[in-house]
Amino acid sequence: MSGVVNSEKPIPDYMGVVNTDTESSDSQKEDSLKQKFSADNFSGDEKSPHAIDIPKKPPSDYITVCLNCIMIAFGGFMMGWDIGTIGGFIAQPDFKRRFGSTNKYGEHYLSKARTGLLVSIFNIGCAIGSVTLGNIGDIYGRRLGLIIATIIFVAGVVIEIASIDKWYQYFIGRIISGVGMGVVVILSPMLISEVSPKELRGAMVSSFQLMITLGMFLGDCTEYGTKKYSNSTQWRVGLGLQFAWSLCMVGGMLFVPESPRFLVEKGKIEEAKRSVAISNKLNATDPAVIAEVEEIQVAVEQRRAEGEAGWSEVFDSRTKVLQRVIIGIMIMALQQLSGANYFFYYGTTVFKSVGLEDGFEAAIIFGVINFFSTFVSLYLIDRFGRRTCLLWGAAGMICCMVIFASVGVTRLWPKGKSAGISSKGAGDCMIVFSCFFILCFGASWAPVPFVIISESFPVKIKSKGMALAIVSNQIWTFCIGFFTPFITGSINFYYGYVFLGCLVFAWFYVFFFVPETKGLHLEEVNIMWEEGTLPWKSANWVPPSQRNADYDVNAMANDDSPAWKKIFGKQ
């Protein structure tokens with residue numbers, strides 16, 4: 001999956017055209033595209049699309065662009081709000097009374113199975129929406145697709161609010177709202193990646209995760225504020241506010257530019273120029289804007305020459321599409337297998353077990369740390385790169401999880417759990433290192449996977465590739481949400497060692513399979529993949545338009561040194 005190629009394998013020309021004796025073009029149009037846009041033509045000639053590059057400007061010039069991206073990312077706020085509130089709902093007495101069961105002592109409770117289903121069925125809805133409706137952005141546009149998805153989400157919320165005492169009605173509402181959110185999770189990062197300048201693309205796509213963390217934090221605060229009530233206000237206020245956030249999402253879509261790639265596909269070239277101009281603070285007639293749109297046209301024309309993409313296209317290993325799909329699936333799965341949602345979903349319950357009486361306060365603490373650590377990622381991701389953030393983030397989480405799990409297993413209950421007496425010192429230690437864990441997660445694995453899947457796939461299969469990655473993410477989120485009550489009930493904090501093993505695997509997976517895409521145009525990312533550049537060499541990859549005579553493509557695609565030398569940077 002690392003994209004290793006044999007030195008005898010032909011290196012693809014620009015835009016993925018491979019010159020071999022066995023392959024022939026399907027039409028004269030494709031032949032002309034190969035000739036006009038091959039890598040040989042990108043030697044700095046002024047007619048090359050990237051010979052006139054978008055001028056780099058100071059960050060202060062991109063305030064409007066950043067605001068546009070934040071409005072697009074507001075869908076993440078709605079998702080975060082759901083995560084932040086559902087963890088409080090299942091702990092609220094009125095919610096248990098209405099949707100739970102009653103034991104022989106007359107106490108209301110939610111069974112482990114029902115708790116797992118109510119928390120995690122939302123993610124199954126997300127997976128369904130991603131696969132079945134993920135392509136509406138290709139049909140109607142990213143903006144209209146987001147509006148449609150928000151309406152579906154609201155329909156599910158209405159069903160949830162209308163629930164009186166039937167848990168399965170609430171359950172159905174969460175599935176429907178999840179379907180809408182599944183589309184939002186695809187289209188929001190996709191639209192951001194397509195309208196933001198390449199220098200800010202990582203930070204702007206990360207703003208989707210930033211909005212998730214903000215939603216989680218404010219959702220936690222809402223639950224803390226409503227816990228004093230004794231009726232349905234405890235949970236209906238949190239649900240009702242979803243309407244306000246949905247209106248903000250729909251209203252924001254009226255002001256953001258449409259994806260220039262979608263506009264070019266629909267033949268709206270002038271609108272595409274205006275979209276690029278808005279994103280880069282230039283005039284629509286600027287030569288750099290025209291060159292950018294022409295490059296997008298090249299990609300779109302080649303896509304049309306190759307025909308419409310079916311689901312079989314995701315298994316194409318010749319152009320490294322299959323490898324990218326597998327990486328998208330794995331990286332989004334490992335985001336959940338890091339164990340972060342173990343804390344987010346069940347933080348209220350977990351911290352009661354380690355001695356913090358008010359679990360709602362713990363949830364707020366987590367929310368604050370998660371939100372501000374994601375702010376840190378906005379700086380780190382475009383300065384140090386996606387790959388570096390993932391590697392250091394995984395290393396930090398490994399250290400924290402080792403301590404959290406080990407203290408929980410060996411020191412939390414000195415006289416055994418059955419005695420019911422916990423060590424305050426051990427509990428405080430676990431709280432501290434769980435907070436450090438969230439800090440590392442928020443600055444790395446929370447936002448970076450969304451950035452990777454938004455910029456790794458070629459336009460032709462982008463919606464399908466992202467859909468599969470999101471399905472992977474949501475399925476694992478469901479598994480963790482559903483099975484955690486059962487697992488923790490059986491093995492308690494030994495559960496942390498499961499996540500520890502996943503984190504160690506994640507570090508090695510990123511090192512050997514995930515390339516660096518910092519500072520590249522989306523079309524350049526495609527070229528790098530098709531050339532088979534090795535992930536640990538990808539940070540030094542140079543686009544065709546900037547190469548000199550000494551650049552060795554084959555050297556970037558091959559490495560015979562032992563694995564330990566690759567890891568420690570030895571040549």
Side-chain angles (χ1 to χ4, degrees), residues 74 76-100 107-110 115-116 118-120 122 157 160-161 163 170 173-174 177 209-246 248 340-375 422 424 427-428 430-439 441-442 446 481 484-485 488:
F74 199 78
F77 181 91
M78 297 191 298
M79 185 175 190
W81 183 270
D82 181 88
I83 296 172
T85 53
I86 189 62
F89 289 169
I90 61 175
Q92 298 284 21
D94 185 77
F95 194 86
K96 292 178 182 178
R97 180 180 65 81
R98 291 174 182 269
F99 304 118
E107 299 171 336
H108 301 290
Y109 72 99
L110 287 169
T115 298
L118 289 175
V119 169
S120 56
F122 180 82
V157 172
E160 292 176 54
I161 293 178
S163 302
Y170 191 90
R174 281 187 65 75
S177 60
Q209 178 65 29
L210 178 67
M211 297 305 289
I212 291 178
T213 61
L214 179 60
M216 292 170 63
F217 168 60
L218 294 181
D220 290 333
C221 291
T222 299
E223 287 307 292
Y224 181 78
T226 58
K227 70 175 184 176
K228 62 183 180 181
Y229 294 95
S230 58
N231 54 21
S232 63
T233 301
Q234 290 180 334
W235 54 277
R236 279 199 170 116
V237 168
L239 282 176
L241 286 171
Q242 294 280 29
F243 286 106
W245 313 142
S246 299
C248 290
N341 272 355
Y342 165 60
F343 295 108
F344 291 139
Y345 281 142
Y346 297 102
T348 303
T349 305
V350 168
F351 281 106
K352 282 185 178 180
S353 68
V354 299
L356 188 62
E357 289 302 321
D358 194 337
F360 290 99
E361 291 181 0
I364 291 175
I365 293 170
F366 270 178
V368 171
I369 295 171
N370 194 29
F371 177 65
F372 285 103
S373 63
T374 308
F375 258 120
S422 61
K424 186 178 186 305
D428 290 343
M430 292 177 71
I431 291 172
V432 168
F433 278 95
S434 61
C435 290
F436 279 126
F437 179 94
I438 297 302
L439 179 64
F441 177 78
T484 288
T488 54

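Position 1 is the first residue of the sequence, and the numbers go up from there.
Smallest separation of non-hydrogen atoms from Q234 and F89: O-CE2, 4.3 Å. Taking each heavy atom of V157 and S177 in turn, the nearest pair found is N-CB, 4.2 Å. Residues S373 and G442 share a closest heavy-atom pair of OG-CA, 3.2 Å.
T213 places none of its side-chain heavy atoms less than 4.5 Å from the side chain of F375. With a 4.5 Å cut-off on side-chain heavy atoms, T226 and Q92 count as touching. I83 is not listed as a side-chain neighbour of F122, based on a closest heavy-atom distance of 4.5 Å or more.
Screening residues 365-375 for salt bridge (charged side-chain N to carboxylate O under 4.0 Å, His left out) gives no qualifying pairs among residues at least two apart or on separate chains.
Separating the CE atom in M78 from the CG atom in D82 is a distance of 10.5 Å, to the nearest 0.5 Å. To the nearest 0.5 Å, the span separating CD1 on I86 from CE on M216 amounts to 13.0 Å. Atom-to-atom distance recorded for E107:CD and K96:NZ is 9.5 Å, nearest 0.5 angstrom. In this structure, OH on Y224 lies 15.5 Å from CG on L218, to the nearest 0.5 angstrom. Within the model, atoms CD1 of I438 and CZ of F433 stand 14.0 Å from one another, a figure rounded to the nearest 0.5 Å. Distance check: W235 CH2 to Y170 OH gives 7.0 Å after rounding to the nearest 0.5 Å.
Between W245 and W81, the ring planes lie perpendicular to each other; the angle is over 60°, past the 30° to 60° tilted range. Under the 30°/60° scheme for interplanar angles, the aromatic rings of F217 and F371 are found to lie parallel.
In this structure, the side chain of R174 engages the main chain of V119 through a donor-acceptor pair within 3.5 Å.
Here R98 pairs with D94 under the salt bridge (charged side-chain N to carboxylate O under 4.0 Å, His left out) rule; sequence neighbours left out. For F441, the ring pair (Phe, Tyr, Trp, His ring centres under 6.0 Å) criterion is met by no residue, not counting sequence neighbours.
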